[in-house]
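Below, all heavy atoms of this structure are taken into account, side chains as well, without hydrogens, waters or symmetry copies.
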Amino acid sequence: MEQRLANAWKMTVNESKFLRAALLQDVRLDGRRQFDYRDLAINFGKVDGSSEVHLGNTHVMGFVSGQLVQPYRDRPNEGTLSIFTEFSPMADPSFEPGRPGEFAIELGRIVDRGLRESRAVDTESLCVLAGKLVWSIRIDLHILDNGGNLLDASNIAALAALMTFRRPDCTLGGDDGQEVIVNPPEVREPIPLIIHHLPISVTFAFFDGDNNVVVDPTHFEEAVMGGRFTVTLNADGDICAIQKGGGVGVSHSVIMQCLRIASVKAMDITSKIKSAVESFNAERASSKIKRHSSSVALDVGDPEINLGVQERFDSLKEVTEMSKQHLERLNLKTDESCTSPCTDKRSKKKAGRCEFTGVASNWDPYSRGINVESLKASIASRGTADKERMAAVGEAASINLPSTTPKSPVSPSMQSETRVEGKIKTEKTLKDAVKPKHKRDRNRLHP
């Protein structure tokens, strides 16, 4: 305790006098008016049940968790709700880790009284098996930066975290139907908490008795204030809890004025919390993976559905006809490019390239066209050469083939000459070259 008091920040006398003089003239250090709140920003984490609240320079984070526990004996059908606070040393030099201080205990009790005593959360819906298992909801509040008015910031963080928390769905099974089965999110969708209303806490600070009152005090204003008044109420104006701190007495008229102002502020803060939660749920639903089938049964007799199907069919038919017409145009252009002569002036200048509009010369800019006349001449010359070659081969074959006419009687001298000539001729003919070797030797031995 002594170490905390030593680390506590203290305002100098001149600063205290300056601040009090400014408040008497309805002037605040941050430029706000007497009953104006600081800028409120509510953010949510990726995990369900986590929130982050910025109220000016005050920074608070809230986390909600749940577990199955045995219920109290006097309330076997109701779950439990508990709140724990953690003051980080980086939030304020007077905060130390370990055992919570008086202000930490007071903050937790005020937030707990506003939520639990007002029955904001339906605890009966947290019952799984009467007398055996219920859900215990735990709210952890972490103070990250103390810029003043930690009560209101912690209350908003707890409400935002509760509204985004989802607990697993439980079913009963087993032979006797008393076995609790906790279904994972892949099997069954988690269930949100049932929250009847949002109790909003609004804090007032008193200076110089109850003559000067401001709402949402800063860290500097809390250092010089004489007393504090915190009221918790919902948007309907129902008072849930009241906490009076400090030794300054407050008159009845001032309390009623504070309640009227707090009712207006509660409605404004409630709308901001709900809008932030709705935007977060919309983003989560859009980024959520669809686990169920998206196919839906359609009524064939519905005229609207039939009209939509007919419109789709007509649009597909039009697209098909347009594609066919486009293909026909492409085919016509290809035929014209292959058959029509180059009559353009530009093509006449490049007659060597445009006389033949074949496939290669159409799409290849580097290919040179082929002259039709030269092509015909080369084909004709090749054909005449082939004809002459075939005629020469035929004449040679007719000369080498033996004649089928009957031989006339000749003299022995002519026979010898004929044999010699025949021998010479048989060695040169193709028919003799095909004969087996032993036959050719026999002809040599027996001419």
Note to self: Can you confirm whether Lys17 is buried at NZ, in the sense that more than 12 heavy atoms of other residues, nucleotides or ligands lie under 6.0 Å from that atom?
What the structure shows: no
Checklist line | Side-chain donor-acceptor pair present, Asp152, Tyr37, cut-off under 3.5 Å | finding: yes
Checklist line | Step-by-step side-chain contact (heavy atoms from CB on, under 4.5 Å) determination, Ile156 to Ile269 | finding: CA-CA 8 Å; Ile156 295 172; Ile269 296 174; 3.8 Å; yes
Item checked: Smallest separation among heavy atoms of Phe280 and Gly45, with atom names -> CE1-O, 3.6 Å
Checklist line | Reported CD1-to-OG distance for the pair Ile139 and Ser51, which is rounded to 0.5 angstrom | finding: 9.5 Å
Item checked: Between Asp48 and Thr164: side-chain donor-acceptor atoms closer than 3.5 Å -> no
Next item on the list: With the side chain counted from C-beta on, respond yes when Leu150 and Phe103 share a heavy-atom pair under 4.5 Å apart, and no when they do not.
Entry: yes
Note to self: As a quick check of understanding, evaluate side-chain contact (heavy atoms from CB on, under 4.5 Å) for Leu172 and Ile181, giving each step before the final call.
What the structure shows: CA-CA 6 Å; Leu172 298 178; Ile181 301 173; over 6 Å; no
Notebook entry, point to check: Shortest non-hydrogen contact from Arg228 to Leu151?
Noted result: NE-CD1, 3.7 Å
Next item on the list: Spell out, as yes or no, whether a donor-acceptor pair under 3.5 Å connects the side chain of Lys244 to the backbone of Val248.
Entry: yes
Check: When you look at CD of Glu117, are more than 12 heavy atoms from neighbouring residues, nucleotides or ligands closer to it than 6.0 Å?
Finding: yes
Checklist line | Other residues, nucleotides, ligands: >12 heavy atoms within 6.0 Å of Lys274 NZ | finding: no
Checklist line | Test side chain to side chain contact (heavy atoms under 4.5 Å, CB included) applied to Ile137 and Leu115, Thr123, Leu193, the passing residue | finding: Leu193
Notebook entry, point to check: What do you reckon, is CG of Asn57 surrounded by more than 12 foreign heavy atoms closer than 6.0 Å?
Noted result: no
Check: Given the rule in the side-chain hydrogen bond (donor to acceptor under 3.5 Å, both in side chains) test, do Thr230 and Ser201 qualify, once you have shown the distances and angles that lead to the verdict?
Finding: CA-CA 7 Å; Thr230 302; Ser201 65; over 6 Å; no
Item checked: Check: Glu222 and Met225 side chains under 4.5 Å, non-hydrogen atoms -> yes
Check: Asn149 and Asp216: side-chain donor and acceptor closer than 3.5 Å?
Finding: yes
Check: With ring centroids as reference points, do His142 and Phe63 lie under 6.0 angstrom apart?
Finding: yes
Notebook entry, point to check: How long is the gap from CD on Glu86 to CG on Leu141, to the nearest 0.5 Å?
Noted result: 10.5 Å
Next item on the list: Answer yes or no on whether Arg138 is positioned over the face of Phe84, meaning its NZ or CZ is under 6.0 Å from the six-membered ring centre and within 45° of the axis.
Entry: yes
Margin query: Do Val213 and Val254 make a side-chain contact, defined as non-hydrogen atoms from C-beta onward lying under 4.5 Å apart?
Written below: yes
Notebook entry, point to check: Going through the checks in order, is the side-chain contact (heavy atoms from CB on, under 4.5 Å) test met by Leu162 and Val121?
Noted result: CA-CA 9 Å; Leu162 285 172; Val121 180; 4.1 Å; yes
Check: Excluding sequence neighbours, so at least two apart, what forms side chain to side chain donor-acceptor pair (under 3.5 Å) with Asn146?
Finding: Asp92
Check: Are any of the side-chain heavy atoms of His197 and Asp236 separated by less than 4.5 Å?
Finding: no
Item checked: Beyond-backbone contact of His196 with Asp122, side-chain heavy atoms, under 4.5 angstrom -> yes
Item checked: Salt-bridge present (Glu124, Arg75; N to O < 4.0 Å) -> no
Note to self: Just verifying a value: how many Å separate Arg28 CZ and Thr218 OG1, rounded to the nearest 0.5 Å?
What the structure shows: 6.5 Å
Notebook entry, point to check: Does one side chain, of Glu52 or His54, offer a donor that lies under 3.5 Å from an acceptor on the other?
Noted result: yes
Item checked: Any donor-acceptor N/O pair, Ser279 side chain to Ser275 backbone, under 3.5 Å -> yes
Notebook entry, point to check: How about Pro190 and Pro168: do any of their side-chain heavy atoms sit closer than 4.5 Å?
Noted result: no
Check: Do Ile200 and Leu233 come within less than 4.5 Å of each other through their side chains, counting heavy atoms only?
Finding: no
Checklist line | Shortest non-hydrogen separation from Thr58 to Gly148 and the atoms involved | finding: OG1-O, 2.6 Å
Margin query: Show, in sequence, the C-alpha distance, side-chain angles and deciding distance for Asn234 and Leu198, and conclude whether the side-chain contact (heavy atoms from CB on, under 4.5 Å) test is met.
Written below: CA-CA 6 Å; Asn234 54 22; Leu198 298 179; 5.9 Å; no
Next item on the list: Drop me the distance from Ser136's OG to Leu81's CG, to the nearest 0.5 angstrom.
Entry: 8.0 Å
Notebook entry, point to check: Is Asp112 reaching over with its side chain to a backbone N or O of Gly108, donor-acceptor style, under 3.5 angstrom?
Noted result: no
Check: Are any non-hydrogen side-chain atoms of Leu23 and Glu221 less than 4.5 angstrom apart?
Finding: yes
Next item on the list: Take the angle between the ring planes of Phe204 and Phe229 and call it parallel below 30°, perpendicular above 60°, tilted in between.
Entry: tilted
Note to self: Show the nearest heavy-atom pair for residues Cys170 and Trp135, with the distance to one decimal.
What the structure shows: SG-CZ2, 3.6 Å
Check: How long is the span from the CD1 atom in Ile273 to the CD atom in Glu278, to the nearest 0.5 Å?
Finding: 12.0 Å
Margin query: So which atom in Ala161 and which in Gly62 form the shortest heavy-atom distance, rounded to 0.1 Å?
Written below: CB-O, 4.0 Å
Notebook entry, point to check: Which pair of non-hydrogen atoms, one from Gly114 and one from Thr232, has the smallest distance, and what is that distance?
Noted result: CA-CG2, 4.1 Å
Checklist line | Straight-line distance of Arg113 CZ to Ile110 CD1, nearest 0.5 Å | finding: 6.5 Å
Checklist line | Passing candidate, side chain to side chain contact (heavy atoms under 4.5 Å, CB included) with Val134, options Leu129, Asn77, Val69 | finding: Val69
Item checked: N/O donor-acceptor pair under 3.5 Å between Ser271 side chain and Asp268 backbone -> yes
